[in-house]
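Just so it is clear: chains get the letters A, B, ... in the order the sequence lines come, proteins before strands, and each one is counted from 1. When reading the values below, keep in mind they use all heavy atoms of this one structure, side chains included, and skip hydrogens, waters and symmetry mates.
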Number of protein chains: 2
Amino acid sequence: MDSRTKLLDAAKRLVWERGVEATSPNMLLACSGVGQGSLYHHFGSKAAWAEAAITSLAADLTVETDELFSAHAPGAEQLRAYLSKPRAALDGCRLGRLAFDPEIRANDALRAPISTYFEHLRALLRPAVRATGAVEDGELDVDDVVEAICAVVQGGYVTSRLSDDAGALDRACRGLLALLGIDH
Amino acid sequence: MDSRTKLLDAAKRLVWERGVEATSPNMLLACSGVGQGSLYHHFGSKAAWAEAAITSLAADLTVETDELFSAHAPGAEQLRAYLSKPRAALDGCRLGRLAFDPEIRANDALRAPISTYFEHLRALLRPAVRATGAVEDGELDVDDVVEAICAVVQGGYVTSRLSDDAGALDRACRGLLALLGIDH
DNA sequence: GTCTATAAGCTGATAGAC
DNA sequence: GTCTATCAGCTTATAGAC
């Protein structure tokens, strides 16, 4: 495995665990086992490896999400799969956990891949919600329900972590499934 | 206003804006206008003023939440009030935004007041959900729905911030209100 | 490509005068 | 209580040899 790959893998691990602001170049060197010269040869600055890490994390998550949606029939089955997927609640979402990182706020290049991922997720959820038929009678707004689904997952990570209780995310997802009326 | 109050106010502002890890003693001095000697006279360490700030933020939020719930009839009206309350979506929740701060994870004294606030919120939501009557027929689990409500708000902050769109939190709350069947 | 050396500035304090 | 001085260690690089 070449140095660049080692650096990128370590950066992805550290950004997931600690965020961007709280990860230093020295941590990256220690975690990757690579020397300082190599780091600044492959990446010109902290922002450069942070952006590469976030872009790669977003690409991974996009692939996983696409696989999940294409493995199920469009509609309620996809929503059930998305909301029942096993998640490491206490680790946090690889992308969502960065929402309040000061370096993400200060640098739009770091936020852009995350924003794009969530837009893609909404685009997958929209037809699934529509297909449940619950919105046809005009009682439900599709975009509102889509946003509630995204929020329940992201918020479940937050309340799980703050309560040190992995079950909180599961309960939140089950609650939303029941409210959607698709919890079998 | 005495130095201690100036320090606490500035610490609360900075912890809300930047979190604990990303706030330095120097920022606190600059933001409060107080000298270094005073800081270390009133607070022995960074952890000390961070804990004081978080405890005070949690106390503020508890008062506001209690006022909101006691201003409305128990049941659907309280849930409507809680989910319709105007929120500064892009600023983040004063407590929830700390979920993935490395210093919060490393120090249970910092997480405890936040955890207590959320437990209190769940205790307020539980009878309100029960009173809607939707759970009586055994279709809905109270704790699951309570957790979904907490999560939608916290997750709405997250998706709003990541999409740089204050409307995301509003949509998520509206979506959940509609699913709860209490959106008038 | 990778290495070691160097550095200006910041972090999180401590010391001691006033 | 508040002030200035000092400090060891870390952060985010840059320089130049190999």
Subject >> Side chain of S24(B) (C-beta onward), nearest among dT2(C), dT2(D), dT11(C) >> reply: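 Output: dT11(C).
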
Spacing between [X] atom [atom1] and [N] atom [atom2], to the nearest angstrom:
{"X": "L28(B)", "N": "dA13(C)", "atom1": "CG", "atom2": "P", "answer": "12 Å"}
{"X": "L39(A)", "N": "dT4(C)", "atom1": "CG", "atom2": "P", "answer": "14 Å"}
{"X": "H42(B)", "N": "dA13(C)", "atom1": "NE2", "atom2": "P", "answer": "17 Å"}
{"X": "N26(A)", "N": "dT11(C)", "atom1": "CG", "atom2": "P", "answer": "16 Å"}
{"X": "L7(B)", "N": "dC3(D)", "atom1": "CG", "atom2": "P", "answer": "10 Å"}
{"X": "Q36(A)", "N": "dA15(D)", "atom1": "CD", "atom2": "P", "answer": "14 Å"}
{"X": "H41(B)", "N": "dT4(D)", "atom1": "NE2", "atom2": "P", "answer": "17 Å"}
{"X": "M1(A)", "N": "dT2(C)", "atom1": "CE", "atom2": "P", "answer": "14 Å"}

Original post:
Between S38(A) and A47(B), who's closer to the 5' end of DNA chain C by nearest nucleotide?
Top reply: S38(A)

Subject >> 5' precedence on DNA chain C between G37(B) and W49(B) (nearest-nucleotide basis) >> reply: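 Nearest-nucleotide comparison on DNA chain C picks W49(B).
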
**OP:** Could you check if a side-chain atom of L90(A) sits within less than 4.5 angstrom of a side-chain atom of Y157(A), using non-hydrogen atoms only?
**Re:** no

Original post:
When you measure from the side chain of T159(A) to the backbone N and O of A168(A), does any donor-acceptor pair fall under 3.5 Å?
Top reply: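 No.
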
**OP:** Could you tell me whether the side chain of R97(A) and the main chain of E17(A) form a donor-acceptor pair under 3.5 Å?
**Re:**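 Between the backbone of E17(A) and the side chain of R97(A) there is a qualifying donor-acceptor contact (under 3.5 Å).
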
**OP:** Any chance you could measure E51(B), atom CD, to S56(B), atom OG, to the nearest 0.5 Å?
**Re:** 12.0 Å

